[in-house]
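A quick write-up on the structure given underneath.
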Number of protein chains: 2
Amino acid sequence: MQTLLKHIQLIHPISKEAEKALLEISKEVHFQKGMDVQLIGHTCKTIYFVKEGCVRIYYFKEDIDITESFEFENAFVARAESLLTGKPSLKAIQAIEDTSLIAIDSNKLFQLFDTYHDLERLFRKIIEASYVNTVNRIESLQFHTADERYLHLIKDHKDVLKRVPLKYIASYLGITPVSLSRIRAQK
Amino acid sequence: MQTLLKHIQLIHPISKEAEKALLEISKEVHFQKGMDVQLIGHTCKTIYFVKEGCVRIYYFKEDIDITESFEFENAFVARAESLLTGKPSLKAIQAIEDTSLIAIDSNKLFQLFDTYHDLERLFRKIIEASYVNTVNRIESLQFHTADERYLHLIKDHKDVLKRVPLKYIASYLGITPVSLSRIRAQK
DNA sequence: AGAACTACTTTACATATGATAAGAAATTAT
DNA sequence: ATAATTTCTTATCATATGTAAAGTAGTTCT
């Protein structure tokens with residue numbers, strides 16, 4: 001749990017009481033490589049923090065498995081469109097490696113916001129950062145070519161190639177595995 | 001200003017005091033069609049609410065004008081990546097029609113968050129909704145074809161074709177105007 | 001170690017989109 | 001109203017990516 005508190009400290013320091021309240025609604029959970037952390041059709045009521053390992057969010061578009069995103073150590077993961085709307089998610093979360101997550105009960109968290117103003121501010125900042133990331137990703141998908149996106153990815157996340165199968169990277173980049181192979185062969 | 005308060009009411013009701021404080025840091029501004037509301041290189045310190053008209057956020061990628069997004073009445077507009085990071089924005093905001101905006105001073109707003117908890121919650125919810133929108137847009141760019149994206153857009157925003165030039169719609173969809181013309185000709 | 005399975009690459013062909021240029025339509029300015 | 005400008009469409013050709021199929025490499029299972 002210290003990993004989580006240490007990470008939070010960097011974003012927005014919160015009081016000892018808020019830390020204590022946060023830990024009370026959090027628990028550590030473990031998943032083996034390949035296991036689903038949360039299933040398609042499930043309404044997301046948990047915010048995860050990756051302590052060790054990595055996960056991806058994926059869904060099916062006409063029987064084809066598409067990776068929406070992946071996250072490594074010290075990142076938060078949630079299916080925002082379900083968590084924030086209360087609707088069942090069309091997406092699943094899966095462990096790509098043996099993974100340790102800290103699971104935060106989102107309903108209890110939202111209740112804590114009434115008592116701990118600093119906790120709400122912390123999560124506002126976390127959501128803001130996620131929002132900025134997605135805005136940048138849209139720009140990338142909107143007007144960079146697939147090979148620009150590939151180069152950018154491996155520059156930003158050096159170990160992604162070692163830890164994530166190429167088929168997941170391909171759909172994350174918005175292309176087929178065949179197309180990714182071609183791009184890689186050109187280099 | 002009543003338009004803004006009415007819209008806010010639908011998202012998260014706030015106290016009379018918070019409303020008053022919000023109005024004190026807001027002012028109405030007007031822009032003629034084609035005018036820039038904010039320029040490239042400027043650090044965004046304003047959150048706009050569209051009272052009347054419509055605007056777009058755009059930038060240049062190698063001399064080509066690219067529309068990142070447009071917003072119509074009753075929507076908030078800001079260049080999030082600048083507003084939330086304090087860095088100068090590479091994007092501009094432009095009025096597509098004669099437009100009336102309500103400009104909210106973001107630094108003053110963030111200060112008000114310390115006093116008015118409900119105001120922070122309101123803006124947390126606004127950001128959450130924007131975040132969900134961008135996540136859905138990524139899905140759309142990632143694995144829908146250009147003509148699926150076009151059909152989806154005109155279904156969701158019926159009047160967009162009447163109010164926004166096709167060249168802006170094209171780059172918003174991630175394609176060239178020529179390609180959009182072809183797609184439209186197929187129908 | 002060998003078999004079975006999965007992941008990745010390569011090839012060939014089809015299709016969608018980009019680039020360029022020219023023309024038509026619509027808008028704006030005089 | 002006419003001219004000038006901008007926007008949109010159409011046509012042609014080039015290129016990138018998709019699809020399908022086959023082969024290679026790597027992993028997992030027994």
Side-chain angles (χ1 to χ4, degrees), chain A residues 31-36 53-54 56 58 60-67 70 94-98 138-154 159-187, chain B residues 31-36 53-54 56 58 60-67 70 94-98 138-154 159-187:
Chain A
F31 293 89
Q32 283 191 308
K33 177 177 176 172
M35 294 288 113
D36 271 337
C54 71
R56 68 182 184 117
Y58 72 98
F60 289 96
K61 149 107 176 162
E62 289 154 16
D63 288 351
I64 295 171
D65 174 323
I66 294 172
T67 296
F70 21 71
Q94 182 190 43
I96 296 180
E97 302 172 343
D98 291 354
I138 285 177
E139 189 182 320
S140 163
L141 284 167
Q142 204 176 11
F143 259 87
H144 290 112
T145 60
D147 74 271
E148 284 170 333
R149 298 201 296 274
Y150 173 71
L151 291 175
H152 189 262
L153 175 71
I154 58 176
D159 51 352
V160 76
L161 285 178
K162 289 169 202 143
R163 299 176 67 180
V164 179
L166 290 173
K167 58 178 180 168
Y168 297 157
I169 294 176
S171 64
Y172 173 80
L173 293 172
I175 54 179
T176 59
V178 175
S179 198
L180 180 55
S181 260
R182 265 190 300 238
I183 287 168
R184 285 159 53 78
Q186 283 168 21
K187 308 298 161 198
Chain B
F31 293 89
Q32 283 192 309
K33 176 177 178 173
M35 293 289 113
D36 271 337
C54 71
R56 67 181 185 119
Y58 71 99
F60 290 96
K61 149 108 176 159
E62 289 154 17
D63 289 351
I64 296 170
D65 175 323
I66 295 173
T67 297
F70 21 71
Q94 183 190 42
I96 297 180
E97 301 171 343
D98 291 354
I138 285 177
E139 188 182 320
S140 162
L141 284 166
Q142 205 176 10
F143 258 88
H144 289 111
T145 60
D147 74 271
E148 284 170 332
R149 299 201 295 274
Y150 172 71
L151 290 175
H152 188 262
L153 175 71
I154 59 175
D159 52 352
V160 76
L161 285 178
K162 288 170 202 142
R163 299 176 67 180
V164 179
L166 289 174
K167 58 177 181 169
Y168 297 158
I169 294 176
S171 64
Y172 172 81
L173 293 172
I175 54 179
T176 59
V178 176
S179 198
L180 179 56
S181 261
R182 264 190 300 238
I183 287 168
R184 285 160 51 79
Q186 284 168 20
K187 308 298 161 196

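Each chain gets a letter, A, B and so on, in the order its sequence line appears, and its residues count up from 1.
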Let me know the distance between [atom1] of [X] and [atom2] of [N], rounded to the nearest Å.
X        : N      : atom1 : atom2 : result
A:Lys61  : D:dG18 : NZ    : P     : 13 Å
B:Asp147 : C:dT17 : CG    : P     : 7 Å
B:Gln142 : D:dG18 : CD    : P     : 12 Å
B:Ile96  : D:dT7  : CD1   : C1'   : 15 Å
A:Leu180 : D:dT19 : CG    : P     : 15 Å
A:Ile66  : D:dG18 : CD1   : C1'   : 13 Å
B:Asp63  : C:dG18 : CG    : P     : 18 Å
B:Ile175 : D:dT9  : CD1   : P     : 11 Å

Answer with base, sugar-phosphate or nothing: what part of the nucleic acid does A:Ser181 contact at a heavy-atom distance below 4.0 Å?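 Base contact - A:Ser181 has a heavy atom under 4.0 Å of at least one base atom.
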
Students often get this wrong, so: under 4.0 angstrom with heavy atoms, is B:Thr176 touching a base, only sugar-phosphate, or nothing?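 Sugar-phosphate, no base atom in range.
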
Check B:Asp65 against B:Ser171 and note the closest heavy-atom contact, atom names and distance.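 That would be O-OG, 3.9 Å.
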
Could you give the angle between the helix axes at the two ends of the helix from C:dA1-D:dT30 to C:dT30-D:dA1, with five pairs per end, rounded to 10 degrees?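 Between the first-five-pair axis and the last-five-pair axis there is 50°.
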
Check this one for me: any side-chain N or O of B:Arg184 less than 4.0 Å away from OP1 or OP2 of D:dC8?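 The answer is no; no side-chain N or O of B:Arg184 sits under 4.0 Å from OP1 or OP2.
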
Working to the nearest 0.5 angstrom, can you tell me the gap between [X] [atom1] and [Y] [atom2]?
X        : Y        : atom1 : atom2 : answer
B:Thr67  : B:Ile169 : OG1   : CD1   : 9.0 Å
B:Leu180 : B:Arg149 : CG    : CZ    : 10.5 Å
A:Gln94  : A:Cys54  : CD    : SG    : 10.0 Å
B:Ile183 : B:Leu173 : CD1   : CG    : 7.5 Å

Give me each pair satisfying salt bridge (Lys or Arg N to Asp or Glu O under 4.0 Å) with a member in residues 163-180 of chain B, each pair once, sequence neighbours excluded.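 Residue pairs with at least one partner in residues 163-180 of chain B: B:Glu73-B:Arg163, B:Glu97-B:Arg163, B:Asp159-B:Arg163.
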
B:Gln142 side-chain N/O to A:Gly174 backbone N/O, donor-acceptor pair under 3.5 Å: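 No; judged by distance alone, with no hydrogens or angles, the pair does not exist.
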
Taking side chain to side chain contact (heavy atoms under 4.5 Å, CB included) as the definition, give me every residue that meets it alongside A:Lys61, ordered by chain and number, with sequence neighbours left out.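 Partners of A:Lys61 under the side chain to side chain contact (heavy atoms under 4.5 Å, CB included) test: A:Tyr59, A:Ile66, B:His144, B:Glu148.
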
Results of side chain to side chain contact (heavy atoms under 4.5 Å, CB included) for A:Gln32 - residues two or more places apart only: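 Checked A:Gln32 against side chain to side chain contact (heavy atoms under 4.5 Å, CB included); matches are A:Met35, A:Asp98.
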
Go through B:Tyr172 and B:Phe70 one step at a time and tell me if the ring-ring contact (aromatic ring centres under 6.0 Å, His included) criterion holds. CA-CA 8 Å; B:Tyr172 172 81; B:Phe70 21 71; 4.7 Å; yes

Take A:Ser179 and B:Ser179, find for each the nucleotide of DNA chain C with the closest heavy atom, and name the residue whose nucleotide sits nearer the 5' end.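 Checking each residue's closest nucleotide, the 5'-ward one belongs to A:Ser179.
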
Could you run down the sub-3.5 Å N/O contacts of the protein with nucleotides 25-30 of chain C?
unit_1	atom_1	unit_2	atom_2	d
C:dT28	OP1	B:Lys33	NZ	3.3

Which residues in residues 160-174 of chain B have a heavy atom closer than 4.0 Å to any atom of DNA chain C?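 Of all residues in residues 160-174 of chain B, the ones placing a heavy atom under 4.0 Å from DNA chain C are B:Gly174.
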
Which of the following nucleotides, D:dG18, C:dG18, C:dA19, is nearest to the side chain of B:Val178?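 Minimum distance to the B:Val178 side chain belongs to C:dA19.
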
